[in-house]
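One structure below.
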2 protein chains.
Amino acid sequence: MSETQWLDPVEMRAWRNFVDLIGDLMLSLDDDLRDNGITLGDYEVLVFLSEAPDQRMRMCDLAARLRLTPSGLTRRLDGLVAAGFVDRQVDRNDRRVTNAVLTSAGFEHLVATAPLHVDSVRKQLLNFMTRSQMDHFGAALESIKSGRDSVRSELVDR
Amino acid sequence: MSETQWLDPVEMRAWRNFVDLIGDLMLSLDDDLRDNGITLGDYEVLVFLSEAPDQRMRMCDLAARLRLTPSGLTRRLDGLVAAGFVDRQVDRNDRRVTNAVLTSAGFEHLVATAPLHVDSVRKQLLNFMTRSQMDHFGAALESIKSGRDSVRSELVDR
DNA sequence: TCGCAATAGTTGCGCGTACAATGGTTGCTA
DNA sequence: TAGCAACCATTGTACGCGCAACTATTGCGA
């Protein structure tokens, strides 16, 4: 058992500021969206469905995309179905799967709220960054993500 | 009502990768900590208390630091008190306030799990960044945070 | 000094989500 | 082709947290 390698000042600043910011940021984003009558979680469902081919996704794929468990997605869809934003359709080719499909009402609602959300993202984050910061930021995050993905694919689990 | 200014590619990449990464990252961090018998949320309580003078904080201050509502903190402390990691002590000078105090058992537990958490932070994030990326990252996040703080203090609300 | 507003914490209730168990469907293999 | 394992979604249950209501304490102004 070797000595712990604690975080040095540079690491510590990066890490602490990161955690600090995202907690605050996500709450603000959710608040802004709630002011317009939808949850950040529900909004994400509409976004992913709207971007999917034929505006539909299998429950299990959607759950993975949202980082939800199957049961979590079932309950979340319940609300969206009740609101008329999403339909459940049993798949014709594989009757085990049910597809979540965006309704026209759901699409309308997304179109109505998206500008407000984009405003919110600018107001809460992007307005505080320079163009070059955004560029480096995006590139750095992308390399981090691909690094994480490749170690994950090397392992069997998950 | 002016036209919406949608995100251009640079903005989009920064934003999407950001959201994508933090969702994944936080889950992994929590998983790693759970493997060692504590929640990320509970761990944060121990960290903040350990850094506070006299290892104690007023409930309301701690709640703000954790971005929890008062009731949320009450429930979270219940678990930590039951585990023997934190004590509740009514303040002598102001009997409205109760202080959350880190016990020696709580401190021991923090000391035992901190190295594992640091390992986790390296494994999940820092190992995928270069030193200069970390440096720029920390600086950028810091300026964003201070920008957000200053607009918040200009407004009356919150 | 009295009374009222502000502050601190807890509790009842509801919502969202994870975990474990269940039922239904498919596909592989003996 | 019969049977079994894998897969998909849902349901029961428990837990964490926010909101609103409530109690206790403090401080301030008439």
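Sequence lines set the chain letters: A, B, ... in the order given, protein chains first and strands last, and positions in each chain run from 1. The shown structure was predicted, so the numbers you read here are calculated from the model rather than taken from an experiment.
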Hey, is A/R13 close enough to A/D8 for a salt bridge, meaning N to O under 4.0 Å?
no
Nearest to the side chain of A/V97, heavy atoms from C-beta on, is which of D/dA9, D/dC19, D/dT10?
D/dA9
So does B/R96 get a side-chain nitrogen or oxygen closer than 4.0 Å to the phosphate oxygens (OP1/OP2) of C/dA6?
no
Report the C-alpha separation of A/N99 and A/Q89 in whole Å, then their side-chain angles, then the decisive distance to 0.1 Å, and conclude whether the side-chain hydrogen bond (donor to acceptor under 3.5 Å, both in side chains) test is met.
CA-CA 5 Å; A/N99 292 284; A/Q89 291 182 3; over 6 Å; no
Assign A/L68 to base, sugar-phosphate, or nothing according to its heavy-atom contacts below 4.0 angstrom with the strands shown.
sugar-phosphate
Base, sugar-phosphate, or nothing: which does A/T74 touch, judged by heavy atoms less than 4.0 Å apart?
base
Considering only heavy side-chain atoms of B/D94, the closest of C/dG9, C/dG12, D/dT25 is D/dT25
Please step through ring pair (Phe, Tyr, Trp, His ring centres under 6.0 Å) for the pair A/F107 and A/F85, ending with a clear verdict.
CA-CA 7 Å; A/F107 183 73; A/F85 294 158; over 10 Å; no
Upstream residue (5' side of DNA chain C) when A/R95 and B/P70 are each assigned their closest nucleotide
B/P70
Out of C/dG9, C/dA20, D/dA9, which has the shortest distance to the side chain of B/C60?
C/dG9
Search all heavy atoms of A/A52 against all heavy atoms of A/M57 and return the closest pair with its distance.
CB-CG, 3.5 Å
Would you tell me if any nitrogen or oxygen in the side chain of B/R76 comes within less than 4.0 Å of OP1 or OP2 on D/dC17?
yes
Once you apply a heavy-atom cut-off of 4.0 Å, does B/R67 come out as touching a base, just sugar-phosphate, or nothing?
sugar-phosphate
Considering every strand and a 4.0 Å limit on heavy-atom distances, what is the contact class for A/R88: base, sugar-phosphate, or nothing?
sugar-phosphate
Specify the separation, in whole Å, of atom CG of A/L73 and atom P of D/dT11.
13 Å
Quiz item: A/S71 side-chain donor-acceptor pair to C/dC19 base, under 3.5 Å
yes
For D/dC8, take OP1 and OP2 only and decide whether either is under 4.0 Å from a side-chain N or O of A/R58.
yes
With DNA chain D as reference, determine whether A/M59 or B/R75 sits nearer its 5' end, using the nearest nucleotide of each.
A/M59
